[in-house]
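First the structure, in the form of structure tokens, and then the observations on it.
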Amino acid sequence: MAIYPYQTEPLTDFTKPENVLKYEKALKQVEGYLGQTYPLIINGAFVTTGDIYTSYNPADHGEVIGYVHQANTDVAEQAMNAALEAFETWKKVPAHVRADVLFKAAAILRRRRFEFNALMTKEAGKPWIEADADTAEAIDFLEYYGRQMLLLTEADKQVQSRKNVERNHFTYIPLGVAAVITPWNFPTAILTGMTSAALVSGNTVLLKPAITTQVIAYKFMEVLMEAGLPKGVVNFIPGDGPEIGEWMVAHPKTRFVSFTGSKAVGQIIYENAAKVREGQIWLKRVIAEMGGKDAILVDADADLELAAESIVKSAFGFSGQKCSACSRAIIHEDVYDVIVNKLKDKTEALTIGNPSDFANFMGPLTDEKAFQKVTDYIKIGNQEGKLLVGGEADKSTGWFVDPTIFIDLAPDSRLMQEEVFGPVLAVTKVKSFEEGLAVANNTEYGLTGAVISNNRMHLERAREDFHVGNLYLNRKCTGAIVGYQPFGGFNMSGTDSKAGGPDYLLLHMQAKSISEWL
């Protein structure tokens, strides 16, 4: 079987007027179906519960995105039974057929790209460029995992034999029912990647999306159904995390858990999944990505303009609501003052407002809980360091917090240690590159990091000693590319599962060795 080379999906060029018009048209399209009600999808059937969650535009409190029926444990049990039944047939479907579902879904998502972009602008508060990159990454996941499954199938055909004695075969088989618990900050890309990896590997899925982006998740279910995915393979059960999420993790028939979210929730999942319940005959796997406290280290010998630009883009893209976002800048004392001044100028030039307007670089935070947490950390920052820029917040129309920088922080301060998940940057000064590396590693996380330096030996030292899952040299620390920069981190950043990498699908399967005596 020919496997065509994988290529990443190009980003939209918004300098072209026709693309601006397409986005504006898509915003009107989405506005045309705001306020609709969405059911659960279990075994291909639409299910209502009467328990409704209202999804609001985080940039405009008065705009309802949609009303979504919420699962309870009774209907979740129905979904589990549907997934178990579907698994018995889906696991036997040839890998190339499962991959074709992904390729078809990718084609549909390309056609609906601007609609998904616009819906993310409305429901997730994503500015145009961030939303477009999200959809492009979702397409990448579908194309990449489909090809990876085909490659694994080709590997299955390799047989090692002892001549005239026995024939040996090594293969991978699916695990079973997956509990897929997805985040709100990449509501199309990560949801698509987690779900498609599970189903193309032959598993069936209970899908619980993040509560604030459930309409986006429903629209993704439309894509899967149009792509020909059989009923019961993916069951859409939005609901409350402590109720439905924990139920999914604890269920004895759940075979593995795929989770992206906070460290606190990830730790609970990891602990609960480790408990063997009555009727459970396996040890559950956990595939987890849990966040970070990511740093950009600026050396004395560095391109200072590149350093400042990389820090600002990494810190404030999508309002800092990325697990890969730069939340710490560690700067050599020789260039500290120059970099700080550049950071101030570049940050003050950023525009903040409703992301439906392309002119706004930053939009809102996702909800009131996030707004409160970030503003609380700004208070802490005022106690621990010196406010350089920002610090203002406004919740009158949406959950808006200005891009904020605190300087002169101690490396062990709370703002340098704790994940904020918002547009707050902590800056500290170091006397040497070695000290900078020590400060960068002085955290319980280990997801992304970057070094800006023209010193080759320092860059090589960072390759060895900067302890993160994704290290970037002389560029920003966000924006991992599927297939080229497999993504996942160390320590409390998760299980280093490396989404978008060549071994990711193996986490969703188990190996089987078969020998026949001749």
Side-chain angles (χ1 to χ4, degrees), residues 29-30 33-34 36-49 51-53 55 65-71 75-76 78-83 85-87 90 98 100-113 115-120 122-124 134-135 137-139 141-142 145-146 177-184 186-201 203-239 244-245 248 258 260:
Q29 176 189 359
V30 170
Y33 59 70
L34 293 181
Q36 291 187 4
T37 301
Y38 300 91
L40 287 67
I41 303 175
I42 298 175
N43 203 29
F46 300 120
V47 176
T48 59
T49 63
D51 178 14
I52 303 293
Y53 173 81
S55 177
I65 306 302
Y67 303 97
V68 187
H69 285 267
Q70 302 297 281
V75 295
Q78 295 174 26
M80 174 60 78
N81 291 334
E85 182 179 357
F87 178 65
W90 182 246
R98 301 197 301 259
D100 280 346
V101 173
L102 268 60
F103 298 145
K104 177 66 173 179
I108 297 166
L109 200 50
R110 281 190 193 92
R111 291 195 289 270
R112 297 180 63 177
R113 178 170 182 163
E115 179 196 353
F116 270 83
N117 291 355
L119 182 54
M120 280 189 282
K122 289 289 188 178
E123 190 175 35
D134 197 311
T135 308
E137 186 176 16
I139 296 169
F141 276 129
L142 292 166
Y145 289 148
V177 177
V180 176
I181 303 171
T182 66
W184 52 264
F186 288 88
T188 302
I190 294 182
L191 177 142
T192 299
M194 295 169 68
T195 306
S196 62
L199 69 88
V200 80
S201 304
N203 305 286
T204 54
V205 174
L206 302 184
L207 174 59
K208 194 204 84 63
I211 196 163
T212 58
T213 52
Q214 295 181 128
V215 175
I216 296 168
Y218 183 89
K219 292 295 179 180
F220 174 69
M221 289 296 297
E222 289 182 349
V223 171
L224 291 182
M225 290 187 291
E226 185 180 346
L229 186 71
K231 64 181 184 179
V233 175
V234 177
N235 300 275
F236 176 66
I237 51 171
I244 299 303
M248 290 164 61
S258 184
T260 299

- Please lay out, stage by stage, how Thr212 and Tyr53 fare under the test side chain to side chain contact (heavy atoms under 4.5 Å, CB included). CA-CA 9 Å; Thr212 58; Tyr53 173 81; 3.9 Å; yes
- Message: Run the side chain to side chain contact (heavy atoms under 4.5 Å, CB included) test on Met221 and Glu226 for me, step by step, so that the C-alpha distance in whole Å, both residues' side-chain angles and the decisive distance to 0.1 Å come before the verdict.
- Response: CA-CA 9 Å; Met221 289 296 297; Glu226 185 180 346; over 6 Å; no
Heavy-atom closest contact ([X] atom, [Y] atom, distance):
X	Y	value
Gly239	Lys208	O-NZ, 3.3 Å
Pro183	Thr213	O-OG1, 4.2 Å
Ile42	Ala79	CG2-CA, 3.6 Å
Tyr67	Ile52	CB-CG2, 3.6 Å
Pro187	Ala124	CG-CB, 4.0 Å
Gln214	Pro209	CG-CG, 4.2 Å

- Item | Lys219 to Tyr33 six-membered ring, cation-pi geometry met (6.0 Å, 45°) |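 Cation-pi check for Lys219 and Tyr33: passes.
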Does some side-chain heavy atom of [Y] sit less than 4.5 Å from a side-chain heavy atom of [X]?
X	Y	result
Thr204	Val234	no
Met80	Leu206	yes
Val223	Phe116	yes
Ile244	Ile237	yes
Thr49	Leu40	yes
Trp90	Pro230	yes
Ile65	Leu119	yes
Met225	Ile41	yes

Return yes if some donor-acceptor pair links the side-chain N/O of [X] with the main-chain N/O of [Y] below 3.5 Å, else return no.
X	Y	result
Gln70	Val68	yes
Asp134	Ala189	yes
Asn81	Gln78	no

Got a list of side-chain donor-acceptor pairs under 3.5 Å for residues 193-200, not counting sequence neighbours?
unit_1, atom_1, unit_2, atom_2, d
Thr195, OG1, Leu191, O, 2.8
Ser196, OG, Thr192, O, 2.6
Ser196, OG, Gly193, O, 3.3

- Message: When you compare the side chains of Tyr218 and Gln36, does any donor N or O come within less than 3.5 Å of an acceptor on the partner?
- Response: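 The answer is no; no qualifying pair exists.
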- Item | Residues Ser55 and Glu123: side-chain donor-acceptor under 3.5 angstrom |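 Yes, side-chain donor-acceptor contact under 3.5 Å.
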- Message: Quick check on side-chain contact (heavy atoms from CB on, under 4.5 Å): which of Val75, Thr48, Val47, Asp51 does His69 satisfy it with?
- Response: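 So the option named by the test is Thr48.
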Could you tell me the separation between the [atom1] atom of [X] and the [atom2] atom of [Y], rounded to the nearest 0.5 Å?
X	Y	atom1	atom2	answer
Thr260	Phe186	OG1	CZ	10.5 Å
Arg112	Thr188	CZ	OG1	10.5 Å
Asn235	Asn43	CG	CG	6.5 Å

- Over 12 foreign heavy atoms within 6.0 Å of CD, Glu222: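 Yes, because the 6.0 Å sphere around CD of Glu222 holds more than 12 heavy atoms from other groups.
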Under 3.5 Å, side-chain donor or acceptor atoms of residues 100-110 against the rest of the protein: list the pairs with distances, not counting sequence neighbours.
unit_1, atom_1, unit_2, atom_2, d
Arg110, NE, Glu9, OE1, 3.0
Arg110, NE, Glu9, OE2, 3.2
Arg110, NH1, Glu143, OE2, 3.4
Arg110, NH2, Glu9, OE1, 3.3
Arg110, NH2, Glu143, OE2, 2.8

